[in-house]
Each structure stands twice: as C-alpha cells, then as structure tokens.
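This report concerns only the one structure given below.
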Amino acid sequence: MTASSRRRRAKAHSRITTLSLLALGVVLLQGCERTPQTDAAAVAAASGAYKTCAACHGAAGEGNEALNAPALVNLDSDYLARQLRNFRDGRRGTAKGDSWGSIMAAQAATLDDAAIEAITAQVAGFPDRAPEATIEADIGNGRDYYNMVCGACHGPEGVGNPNLGAPSLRGIDDWYLARQYELFRDGQRGMHPEDLPGQQMQRMGQVLKDEAAIRNVSAYLQSLGLPD
Ligand code: HEC
Ligand code: HEC
C-alpha cells in the first residue's frame, strides 16, 4: 500500500468515525427526548413556576422591550436567583421612582425558595439567544470606559466575576443595561442596607458622567454578543 493510499484510507476511516459519532449523537439526543432522564416532577414544577414570567419575559426568556422586561436567558444562575430574592424581600424595586422595578417586585412577592430554584433551573435550560442592539453609539469610546472603570469587577469583556458578585454583562439588552446604570446612579437601586453587592455597584454609579458615556458602554457590551 502506498503512503498516499494509506493516507486516503486513513482519511476515509476518520470520516466514517466522524459520521458514526454524529449518528450516535443523534440517536442519543433522540433517546433523551423519548425517555427523559430528568425528574419529571421537577420539570413540571419548573414549567409551572416560570409560566407567569413568560407573559413579560417571553416563553424562552428572550425579553420584551415594549414591556420593559429584559431578556433573562443569559443571566448567571446565581445572579438571577439573588435578584429574585432581592425583589421578593424588598431590597430591589422598592425605591421611589423605580416604576419598572416595582412591577417586577410585585411578581416576585409570592415566590418561595423552591420556586426560585425551579425557575433558575428552567431558565438555565433555555436555548442561547443574543438580544438585538437598540442603541447606536460610539463603541470604541465605550470599550475605553469599560476597560478603565468597569472591567475591574465585571471582568475582561464583561464576562463577570462571581468572587466579587459582579454579574456577566454579556447577552443583556443594551437598553436595560443603560437603565440599570441610571438606577444605581440615581440611588434607586443598590441603596438597601442589606444589599451588599448592590451597594458595591451603587458606588460606581457616578463614574460615567453623562448620557453619552452610558450609551457608549452599553452599546460596547451589546456588541460583544454572547459569551463563548
Ligand atoms: C408584568 C410583567 C413581568 C412579569 C410577569 C415578570 N417580570 Fe421580571 N421584570 C419585569 C420588568 C419590567 C423588569 C425590569 C425591572 C427594572 O428595570 O429594574 C423585570 C426584571 C426582572 C429581573 C432582573 C434582571 C436583571 O438582569 O437583574 C429578573 C431576574 C426577573 N425580572 C425575573 C422574573 C421572573 C423569574 C418572573 C416570573 C416569576 C418575572 N420576572 C415576571 C416585568 C415582569
Ligand atoms: C466595584 C465593583 C464594580 C465595578 C467597578 C462596576 N460594577 Fe457593575 N456591578 C457590580 C456588582 C457587585 C453588581 C451586582 C449588583 C446586584 O447584585 O444587584 C453589578 C451590577 C451591574 C449592573 C446590573 C446588571 C443587571 O443585569 O441588572 C450593571 C448594568 C452594571 N453593574 C454596570 C456597570 C458598569 C457600566 C460599570 C462601569 C462604569 C460597572 N458596572 C462597574 C460591581 C461593580
């Protein structure tokens, strides 16, 4: 056998191996669909728990700007659960003038810890989806500001830093990022004495000096797309 025919055979063989692995993957996926290994009761509880959220945040957590409800699909699970507890326990959405926050706080009022856990698990299972850009701004300027003042906590390119309680800012609606920054700036979020991570962020609320800087940073984060 010549070297080149050996190479051809090896190539054909690897192609066959790839194909059989793909076929196996398909069979396994189909198998999963037909006989779910997950605890059926937990799944049922989760879908029940998220059902009310879908009216504003969308059936797969994709968000709805017209209702001011942000996408939930790309939030870190720990952060998502913490925010639900914050809304429920009066640490967020209670400040005067925070009208969107108060709508959400009313929604979280009756959630117990088990429901929060079930919702968090269900949202983590939604397919990834990048929200669309809605802000046109100076992305290069936004990147400079981000690297100067935000990256120390939110990590390089917005990936987040769980040790500091600073969430990932990737895959989050730009309009929602800008509004949250303004809420921190205006003392409408992160003021509660028991909201320690919120206070950390609240102290950063004066760093971006004007509307343009806030829009630039939000547009920059949006331009990064989903985390890898
Ligand atoms: C009536 C509409 C409505 C419903 C129903 C609703 N939300 Fe919200 N939610 C909002 C709005 C509006 C905001 C934005 C609040 C703000 O701007 O601070 C929000 C914000 C949030 C946030 C904050 C996201 C972040 O990045 O900090 C989370 C988490 C959230 N909602 C989860 C849920 C879950 C889970 C449910 C179901 C139990 C739910 N929401 C039901 C309207 C709603
Ligand atoms: C000292 C650390 C620190 C720095 C610096 C910092 N942040 Fe934060 N940020 C946090 C923490 C902690 C939270 C979580 C607050 C909470 O749990 O409510 C947060 C939350 C946020 C949120 C809310 C996200 C959401 O889904 O609701 C936005 C938006 C945000 N930061 C933007 C920025 C921007 C823009 C900068 C730079 C100007 C910045 N942060 C700098 C610590 C920081």
Side-chain angles (χ1 to χ4, degrees), residues 46 48-58 61 63-88 91-95 97-112 115-123 131 142 144-155 158 160-185 188-192 195-209 213-222:
Y50 183 77
K51 221 184 235 163
T52 56
C53 322
C56 293
H57 292 282
N64 184 335
E65 189 189 357
L67 299 176
N68 283 286
L72 302 178
V73 61
N74 305 311
L75 296 180
D76 298 327
S77 294
D78 286 350
Y79 174 80
L80 171 57
R82 182 168 85 228
Q83 295 311 314
L84 289 176
R85 291 192 301 269
N86 282 349
F87 281 121
R88 179 193 64 190
R91 289 186 291 270
R92 183 175 168 187
T94 45
D98 181 9
S99 42
W100 305 118
S102 73
I103 290 178
M104 181 53 216
Q107 295 297 323
T110 56
L111 298 176
D112 60 16
I116 290 180
E117 207 176 305
I119 288 171
T120 306
Q122 193 183 357
V123 172
D144 290 347
Y145 269 113
Y146 180 85
N147 289 335
M148 252 184 313
V149 287
C150 319
C153 291
H154 289 283
N161 184 340
N163 294 331
L164 300 175
S168 162
L169 299 176
R170 299 275 292 269
I172 298 183
D173 299 277
D174 48 14
W175 54 266
Y176 173 80
L177 288 174
R179 187 170 74 217
Q180 294 309 304
Y181 189 85
E182 288 163 5
L183 289 177
F184 286 114
R185 178 194 66 192
Q188 290 169 326
R189 182 174 167 189
M191 293 304 281
H192 195 281
D195 179 10
L196 300 181
Q199 286 178 27
Q200 290 271 311
M201 180 56 212
Q202 209 273 325
R203 283 187 209 110
M204 302 309 299
Q206 309 303 321
V207 176
L208 300 180
K209 290 295 176 211
I214 297 173
R215 289 170 60 84
N216 292 349
V217 172
S218 303
Y220 160 66
L221 287 164
Q222 164 81 49

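Counting convention: from 1, in listed order, for ligands and their atoms alike.
- Just one of Val123, Thr120, Ile172 meets the side-chain contact (heavy atoms from CB on, under 4.5 Å) condition when paired with Leu75; it is Ile172.
- Close approach to Gly165 involves these atoms of ligand 2, each under 4.0 Å from a residue heavy atom: 11 (C), 12 (C), 13 (C), 14 (C).
- Residue contacts with ligand 2: Arg82 is placed with a nitrogen or oxygen under 3.5 Å of a nitrogen or oxygen of the ligand (distance criterion only).
- Not a single heavy atom of Ala55 sits less than 4.0 Å from an atom of ligand 1.
- Any N or O atom pair closer than 3.5 Å counts here, and Arg92 shares at least one such pair with ligand 1.
- Looking only at side-chain heavy atoms (C-beta outward), Asp174 and Tyr220 stay at 4.5 Å or farther from each other.
- With hydrogens left out, the protein atom closest to atom 24 (C) of ligand 1 is Tyr176 OH, 3.4 Å, a heavy atom.
- Atom CG of Asn147 has more than 12 neighbouring heavy atoms from other residues, nucleotides or ligands inside a 6.0 Å radius.
- You'll find the side chain of Gln202 stays beyond 4.5 Å of the side chain of Gln188, heavy atoms only.
- The shortest contact between atom 5 (C) of ligand 2 and any protein heavy atom is with Val149 O, 3.2 Å.
- Of all protein heavy atoms, the one closest to atom 17 (O) of ligand 1 is Arg179 NH2, 2.6 Å.
- In this structure, CG on Asn163 lies 11.5 Å from SG on Cys153, to the nearest 0.5 angstrom.
- Contact atoms of ligand 2 toward Leu164: 12 (C) (distance under 4.0 Å to a heavy atom of the residue).
- Taking a 4.0 Å cut-off on heavy atoms, Leu208 registers as neighbouring ligand 2.
- The contact set between ligand 1 and Tyr79, taken as ligand atoms under 4.0 Å from a residue heavy atom, comprises 25 (C), 26 (O), 27 (O).
- Around atom 8 (Fe) of ligand 2, the protein N, O or S atoms closer than 2.8 Å are His154 NE2, Met201 SD, listed by chain and residue number.
- Looking only at atom types and distance, the side chain of Asn86 has a donor-acceptor partner in the side chain of Arg91 under 3.5 Å away.
- Under 4.0 angstrom from ligand 1, there are no non-hydrogen atoms of Ile172.
- Interface atoms of ligand 1 facing Cys53, defined by a heavy-atom separation under 4.0 Å, are 34 (C), 35 (C), 36 (C), 37 (C), 38 (C), 39 (C), 41 (C).
- Using a 4.5 Å heavy-atom cutoff, the side chains of Ile116 and Arg88 are in contact.
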ask   = Does the side chain to side chain contact (heavy atoms under 4.5 Å, CB included) test come out yes or no for Ile119 and Gln122, once each step is laid out?
value = CA-CA 5 Å; Ile119 288 171; Gln122 193 183 357; 5.7 Å; no
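- Under a 3.5 Å cut-off, the side chain of Gln199 and the backbone N or O of His192 do form a donor-acceptor pair.
- Using a 4.5 Å heavy-atom threshold, the side chains of His57 and Pro70 count as touching.
- Of the protein's heavy atoms, Cys56 SG, 2.7 Å lies nearest to atom 3 (C) of ligand 1.
- Within 6.0 Å of atom CD in Glu182, more than 12 heavy atoms from other residues, nucleotides or ligands are found, so the atom counts as buried in its surroundings.
- Although no hydrogens or angles enter the test, the distance criterion places a donor-acceptor pair under 3.5 Å between the side chain of Asp98 and the main chain of Gly101.
- With a 4.0 Å cut-off on non-hydrogen atoms, Leu177 touches ligand 2 through its backbone as well as its side chain.
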Verdict with supporting geometry, Leu72 and Tyr50, side chain to side chain contact (heavy atoms under 4.5 Å, CB included) = CA-CA 11 Å; Leu72 302 178; Tyr50 183 77; 4.3 Å; yes
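- Scanning all protein heavy atoms for the shortest distance to atom 18 (O) of ligand 1 gives Gln180 NE2, 3.1 Å.
- Expressed to the nearest 10°, the angle at atom 8 (Fe) of ligand 1 joining NE2 in His57 with SD in Met104 is 170°.
- No heavy atom of Tyr145 sits closer than 4.0 Å to any atom of ligand 2.
- Neither the backbone nor the side chain of Ala108 has any atom closer than 4.0 Å to an atom of ligand 1 (non-hydrogen atoms only).
- For the residue pair Arg185 / Gln206, no side-chain donor-acceptor distance below 3.5 Å is found, with atom types taken as modelled.
- The closest protein non-hydrogen atom to atom 22 (C) of ligand 1 is Phe87 CE1, 3.8 Å.
- Close contacts between ligand 1 and Ile119 involve ligand atoms 35 (C), 38 (C) [criterion: under 4.0 Å to a heavy atom].
- Taking 4.5 Å as the limit, some side-chain heavy atom of Arg189 sits within range of a side-chain heavy atom of Gln180.
- When each atom of ligand 2 is checked for a heavy atom of Val217 under 4.0 Å away, the hits are 35 (C).
- The shortest distance between side-chain heavy atoms of Cys150 and Met204 does not fall below 4.5 Å.
- One option in Thr52, Leu72, Asn86, Ile116 has a heavy atom closer to atom 28 (C) of ligand 1 than any other, and that option is Leu72.
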Candidate pair Asp195 and Arg82, rule side chain to side chain contact (heavy atoms under 4.5 Å, CB included), full reasoning = CA-CA 10 Å; Asp195 179 10; Arg82 182 168 85 228; 5.5 Å; no
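- Two residues are said to be in side-chain contact when any heavy atoms from C-beta on lie closer than 4.5 Å; Leu80 and Arg85 fail this criterion.
- Closest protein heavy atom to atom 23 (C) of ligand 2: Arg189 NH1, 3.7 Å.
- With a 4.0 Å cut-off on non-hydrogen atoms, Leu67 touches ligand 1 through its backbone and not its side chain.
- Ligand 2 has Gln83 within reach: a non-hydrogen atom of the residue lies less than 4.0 Å from it.
- Polar contact check, Gln107 against ligand 1: no nitrogen or oxygen pair lies under 3.5 Å apart.
- By the criterion of a heavy-atom distance under 4.0 Å, both the backbone and the side chain of Pro197 are placed next to ligand 2.
- The closest side-chain heavy-atom distance from Arg170 to His154 is not below 4.5 Å.
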ask   = Does the pair Trp175 and Glu65 meet the rule for a side chain to side chain contact (heavy atoms under 4.5 Å, CB included), with working shown?
value = CA-CA 8 Å; Trp175 54 266; Glu65 189 189 357; 3.4 Å; yes
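- Closest heavy-atom approach to atom 29 (C) of ligand 1 among the candidates Thr120, Asn68, Leu80: Leu80.
- Residue contacts with ligand 1, taken as heavy atom pairs separated by less than 4.0 Å, do not involve Tyr50 at all.
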